[in-house]
Asker: 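Sharing a structure with you now.
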Amino acid sequence: MNTVVLGLQWGDEGKGKAIDYLAGSFSVVVRFQGGHNAGHTVYYQGKKVVLHVLPSGIFYPDCSAVIANGVVVQPLQLVEEIQNSRALGLELHNLALSESAPLILPFHQQLDVVFEDSRYQRIGTTRRGIGPAYEDVVGRRALFVNDLLREDVFRAKIAPLAEYYQRLFSAHGHPAANLDEAIDHYLQAGAFLKPFVCNTTRLLQQALAAKKDILFEGAQGTLLDINLGTYPFVTSSNTTIAGVFSGTGLSAKAVERVIGISKAYTTRVGEGPFPSELTGASGQKLRERGKEYGATTGRPRRVGWLDLVALKYAVQVNGVDSLFLTKLDVLDGMAEIQVVTAYEGAGGTSAEFSPHADALSQVRPVYRTLPGWESKLGAVERFRDLPKQVHAYLNFIEDFVGIGVSHVSLGGERRQTIEIGV
Ligand code: IMP
């Protein structure tokens, strides 16, 4: 069944683990948006592996792993990730890279850093050049993977763009960088990547026609969506269901199921409103228990209680069919667990979610307190063996957001996952 897996919060929901768990039953796994700002953590043969652009399908030799046209690609980083994966013994025969994926170029990363360090409003980006690369797509200046495959084409196209950026940097008081070396490295990366490059839209359409099961692997989370997230504290792509279609060339009819991933609590990296944030000692405790440090940047994540108002919004905008709830074990031993059920603002109490940062930063959360559980969940294998307080917690979430929980994750390992019929 063609399935989209999406993060329902501000990223870092445990999509890597969830997708790795699900990927085994699919013939194709495809990344459709974002870039190497993502960090999907999976455990492979007992080793922790963090994937940034490679789809989680690479761990299954019979599964095609596709980087589709919606993903922004930094070629040097992709080469490194492929080489690291080969060092783990993965052949990557089944990797396909879209010829139409936009490139992240050296000046994009530089601009991301310049903006972050100087702009009137810091976003707290991953400083990987993601935003500026997508800006060039919208500005109709972008270069694509295909352009990298022919030296004359690449040199001819990058020269005017480099000049455009040099002017921008000098206006900000930054010295002109010599790009000659970087261009050579990009061309070498292009030669390395060439065997993987193809028309992924055609490949996916053929897979669809052949009735192969496709898993669409979302990156970041719904509340970071450029159009539907907590703007301006968002990433620069459609992290919601909308990104699947523009990012692959498949139609909405290709999607048969949407699984939404949420932690049993909430985290966020970077700036922006976070109504249920826990600061001080309780926040620190949750951060340590959940090992909440960024997979890509190592930054400590901000942490807080599960926000059901935000979760319901994410379920609705994506048409989520079922929830995959991760890191439930992190709440082990807590006497009480809180969830947000409404917001208080100037206009009174409401359970409506207004994503724009200006609106969201004005609200105060209204909590419902639920009983915690004493026991450790990590070794529980069957749904019925979970403590009754866990059942109550899951039921409360299901009733509030209006869909069922299909999976719970109780630790980092693939086997620490319980599938629940919904
Ligand atoms: P950018 O995507 O690097 O432009 O960063 C924009 C915002 O998205 C920042 O708040 C980042 O911390 C956040 N972000 C980007 N990628 C991820 C991710 O994979 N997980 C969590 N947050 C992310």
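Each ligand, and each atom within it, is numbered from 1 in the order the structure gives.
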Asker: Identify, for atom 6 (C) of ligand 1, the protein heavy atom at the shortest distance, and state residue, atom and that distance.
Answerer: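 The answer is Val234 O, 3.3 Å.
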Asker: Where's the contact between Thr126 and ligand 1, heavy-atom distance under 4.0 Å: side chain, backbone, both or neither?
Answerer: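 Near ligand 1, Thr126 shows its backbone as well as its side chain.
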Asker: Answer yes or no: is there an ion pair linking Asp136 with Arg141, defined by an N-O contact shorter than 4.0 Å?
Answerer: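 Looking at Asp136 and Arg141, the cut-off is met.
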Asker: Tell me whether Thr235 has any N or O atom under 3.5 angstrom from an N or O of ligand 1.
Answerer: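 Thr235 vs ligand 1: N/O contact under 3.5 Å present.
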Asker: Looking only at protein heavy atoms, which one is nearest to atom 5 (O) of ligand 1, and how far off is it?
Answerer: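 For atom 5 (O) of ligand 1, the nearest protein heavy atom comes out as Thr125 CA, 3.3 Å.
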Asker: Counting neighbours of OH on Tyr231 that are heavy atoms of other residues, nucleotides or ligands and sit closer than 6.0 Å, is the number greater than 12?
Answerer: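 Open: at most 12 neighbouring heavy atoms sit under 6.0 Å from OH of Tyr231.
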Asker: Does any part of the side chain of Thr240, heavy atoms only, come nearer than 4.5 Å to the side chain of Leu6, both counted from C-beta?
Answerer: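 No - every pair of side-chain heavy atoms lies 4.5 Å or more apart.
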Asker: Quick check: Asn37 and ligand 1, any N/O pair under 3.5 Å apart?
Answerer: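 Indeed, backbone or side chain, Asn37 has an N or O that close.
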Asker: Considering only heavy atoms of Asp12, which atoms of ligand 1 have at least one such atom less than 4.0 Å away?
Answerer: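 Listed by number with element, the hits are 20 (N), 21 (C).
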Asker: Can you list the ligand 1 atoms lying under 4.0 Å from a non-hydrogen atom of Ile123?
Answerer: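 Taking each heavy atom of Ile123 in turn, ligand 1 has 10 (O) under 4.0 Å.
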Asker: Assess whether atom CZ of Arg368 is packed by more than 12 heavy atoms of other residues, nucleotides or ligands within 6.0 Å.
Answerer: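 It does not: Arg368 CZ has 12 such atoms or fewer within range.
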Asker: Quick one: sort the Tyr393 and Trp373 rings into parallel, tilted or perpendicular, breaks at 30° and 60°.
Answerer: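 If you compare the ring of Tyr393 with that of Trp373, the planes turn out tilted.
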Asker: For Tyr43, does the OH atom sit with more than 12 other heavy atoms under 6.0 Å from it, leaving out its own atoms?
Answerer: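 Check fails, neighbour count at 12 or below.
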Asker: Would Lys327 and Asp12 pass as an ion pair if we require N to O under 4.0 Å?
Answerer: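 Answer for the salt bridge query: no.
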Asker: So is Phe233 touching ligand 1 or not, going by heavy atoms under 4.0 Å?
Answerer: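 It does not, in that no heavy atom of Phe233 comes within the 4.0 Å cut-off of ligand 1.
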Asker: Regarding atom 9 (C) of ligand 1: of the candidates Ala133, Gly124, Gly270, which has the closest heavy atom?
Answerer: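 The residue whose heavy atom sits nearest atom 9 (C) of ligand 1 is Gly124.
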Asker: Just jot down the ligand 1 atoms closer than 4.0 angstrom to any heavy atom of Leu224, in number order.
Answerer: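 Checking each atom against Leu224, I get 8 (O), 13 (C), 14 (N), 22 (N), 23 (C).
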Asker: Taking the non-hydrogen atoms of Gln220, is any one of them nearer than 4.0 angstrom to ligand 1?
Answerer: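 True for this residue.
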Asker: What do you reckon, does Ala219 put a non-hydrogen atom under 4.0 Å from ligand 1?
Answerer: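 It does not, in that no heavy atom of Ala219 comes within the 4.0 Å cut-off of ligand 1.
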Asker: Name the closest protein heavy atom to atom 10 (O) of ligand 1, giving the residue it belongs to and the distance to 0.1 Å.
Answerer: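 Of every protein heavy atom, Val269 O, 3.1 Å lies nearest to atom 10 (O) of ligand 1.
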Asker: Is it the case that more than 12 heavy atoms not belonging to Glu256 sit under 6.0 Å from its CD atom?
Answerer: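 Count over threshold, so yes.
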Asker: More than 12 non-hydrogen atoms from neighbouring residues, nucleotides or ligands closer than 6.0 Å to CD on Gln284, yes or no?
Answerer: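 Yes.
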Asker: Counting heavy atoms only, which part of Asp112 comes closer than 4.0 Å to ligand 1: side chain, backbone, both or neither?
Answerer: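 It is neither; nothing of Asp112 touches ligand 1.
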Asker: If you count the atoms of ligand 1 from 1 in the order shown, which ones are under 4.0 Å from a heavy atom of Trp10?
Answerer: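 This gives 21 (C), 22 (N) as the contact atoms.
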Asker: Check the angle between the aromatic planes of Tyr44 and Phe59 and answer parallel, tilted or perpendicular using the 30° and 60° thresholds.
Answerer: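 Tilted: the ring planes of Tyr44 and Phe59 meet at 30° to 60°.
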Asker: Only heavy atoms of Arg299, strictly under 4.0 Å: list the atoms of ligand 1 that pass.
Answerer: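 Going through ligand 1 atom by atom, the ones under 4.0 Å from Arg299 are 11 (C), 12 (O).
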